[in-house]
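Since this is a predicted model, take the numbers as computed values, not measurements. Residue numbers start from 1 in every chain, and the chains themselves are labelled A, B, ... in the order their sequence lines are given, proteins ahead of strands.
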Amino acid sequence: MAKRRTRVKTEKTEKGIRVTCLIKHPMETGNRLGADGAKIPIHYIKFVDFGINGDHVGTINLGPGVSADPYLSMDIAGAVSGDKVSLHWEDSKGESDTVDTVVK
Amino acid sequence: MMKRRSFLQQTLAFTAGLVASGSGLFYMPRAYAARPDAAFIARDLDTVLKEILGGSEATMSDQIKLDAPLQAENGAVVPVVVSTTLEAPEAIAIVVPKNPTPLLSLLEATPRTGSYVRMRIKMAGTDEVRAYVKSGGQWYMAAQEVRVAVGGCGG
């Protein structure tokens with residue numbers, strides 16, 4: 001299982017933080033043809049879970065129509081400096097990644 | 001390079017810890033285990049809306065702000081921002097009716113989230129982007145047309 005890169009950054013907003021992540025992933029729809037003329041199998045991230053200090057605060061479910069290398073942002077209210085932001089995603093082939101960062 | 005290595009080591013150590021603890025689940029319990037899988041692979045809008053809205057009608061709302069370009073050069077990367085001032089949003093769905101799989105995303109919110117979500121989506125051609133927001137058990141929506149020069153869904 002190839003390890004994919006997941007990057008997370010946070011920025012302050014009026015009510016908390018905005019978490020942005022960039023996940024390196026092909027997000028294949030299953031509709032595209034490869035160089036050999038055969039269909040490239042469907043392969044996409046199914047969900048990204050967001051947590052603050054171990055508590056689940058939201059999930060973004062994705063379909064295959066999200067652009068390759070998903071670049072997602074979500075606002076989390078009430079988060080402050082020092083909070084631990086966790087992100088966990090899984091894709092349609094069972095690959096996954098988990099990343100933590102601390103709010104500056 | 002060193003940074004990446006230590007990152008990988010930490011991740012590995014973390015994963016090993018999880019396995020050792022014998023927990024079959026990852027550390028964050030999901031609020032809703034019911035991801036509507038059928039809706040994400042459904043190829044027609046009716047099925048998607050039935051799965052997501054559960055048969056209810058969505059009302060147009062000016063408390064949903066949908067930010068998308070009026071024209072997109074490249075349908076493979078269309079930035080979309082949905083923000084809402086609706087009270088306690090529970091879910092946000094992003095739908096492109098004419099895409100091969102019309103449901104792009106479903107955000108399951110908790111009391112701390114659901115006011116803002118941003119992503120980049122693929123669009124097969126000129127179409128409207130719809131944002132559905134659930135608040136107080138009711139569904140609301142906003143829509144905007146995006147003119148797409150080159151579609152970004154097929155081969």
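- With contacts defined as side-chain heavy-atom distances shorter than 4.5 Å, the pair A:R18/B:Y116 qualifies.
- Most heavy-atom pairs under 4.5 Å with chain B, from the set A:A68, A:A79, A:G30, A:G63: that is A:G63.
- The heavy-atom pair separating B:A76 from A:S67 by the smallest distance is O-OG, 2.7 Å.
- Using a 4.5 Å cut-off on side-chain heavy atoms (C-beta onward), B:R120 and A:V66 make no contact.
- Note that CD1 of A:I45 and OG of B:S105 are 12.0 Å apart. Values are rounded to the nearest 0.5 Å.
- Between A:G58 and B:T110, the shortest heavy-atom distance links the atoms N-CG2, 4.0 Å.
- A:L22 touches chain B through its side chain: at least one heavy atom from C-beta onward sits under 4.5 Å away, while N, CA, C and O do not.
- Under a 3.5 Å cut-off, the side chain of A:N61 and the backbone N or O of B:L106 do form a donor-acceptor pair.
- Heavy atoms of other residues, nucleotides or ligands lying less than 6.0 angstrom from CD of A:E11 number more than 12.
- B:M141 and B:I52 fall within the same hydrophobic cluster, defined by Ile, Leu, Val, Met, Phe, Trp and Tyr side-chain heavy atoms under 4.5 Å apart, directly or through other members.
- Heavy atoms of B:L104 lying under 4.5 Å from chain A belong to its backbone as well as its side chain.
- Residues A:P64 and B:F40 approach most closely at CD-O, 3.8 Å, considering heavy atoms.
- Of the inter-residue distances, the one linking B:T84 atom OG1 with A:D75 atom CG reads 12.0 Å to the nearest 0.5 angstrom.
- Within the model, atoms CE of A:M74 and CZ of B:R112 stand 10.5 Å from one another, a figure rounded to the nearest 0.5 Å.
- The cluster map of Ile, Leu, Val, Met, Phe, Trp and Tyr, joined by side-chain heavy atoms under 4.5 Å apart, puts A:V102 and A:I76 in different clusters.
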List the steps and the verdict of salt bridge (Lys or Arg N to Asp or Glu O under 4.0 Å) for A:K46 and B:D37. CA-CA 9 Å; A:K46 297 182 98 171; B:D37 259 316; 3.4 Å; yes
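- Contacts of B:I92 with chain A are absent, with no heavy-atom separation under 4.5 Å from either backbone or side chain.
- A:V48 and A:I42 end up in the same hydrophobic cluster when Ile, Leu, Val, Met, Phe, Trp and Tyr side chains are linked at under 4.5 Å.
- Only one option out of A:L72, A:L62, A:I60 pairs with B:L107 in a side-chain contact (heavy atoms from CB on, under 4.5 Å); it is A:I60.
- Contacts between A:T20 and chain B at a heavy-atom distance below 4.5 Å involve the side chain alone, from C-beta outward.
- Two different hydrophobic clusters hold B:I121 and A:Y71 under the rule that ILVMFWY side chains link at heavy-atom gaps under 4.5 Å.
- A cation-pi arrangement is absent between B:R35 and A:F47 under the rule of less than 6.0 angstrom and at most 45 degrees off the ring axis.
- Judged by distance alone, with hydrogens and angles left aside, the side-chain atoms of B:T113 form a donor-acceptor pair with the main-chain N or O of A:V57 at under 3.5 Å.
- At a threshold of 4.5 Å between side-chain heavy atoms, the hydrophobic network of Ile, Leu, Val, Met, Phe, Trp and Tyr places A:I40 and B:I41 in two separate groups.
- In this structure, A:M27 and B:K122 approach most closely via the heavy-atom pair O-NZ, 2.6 Å.
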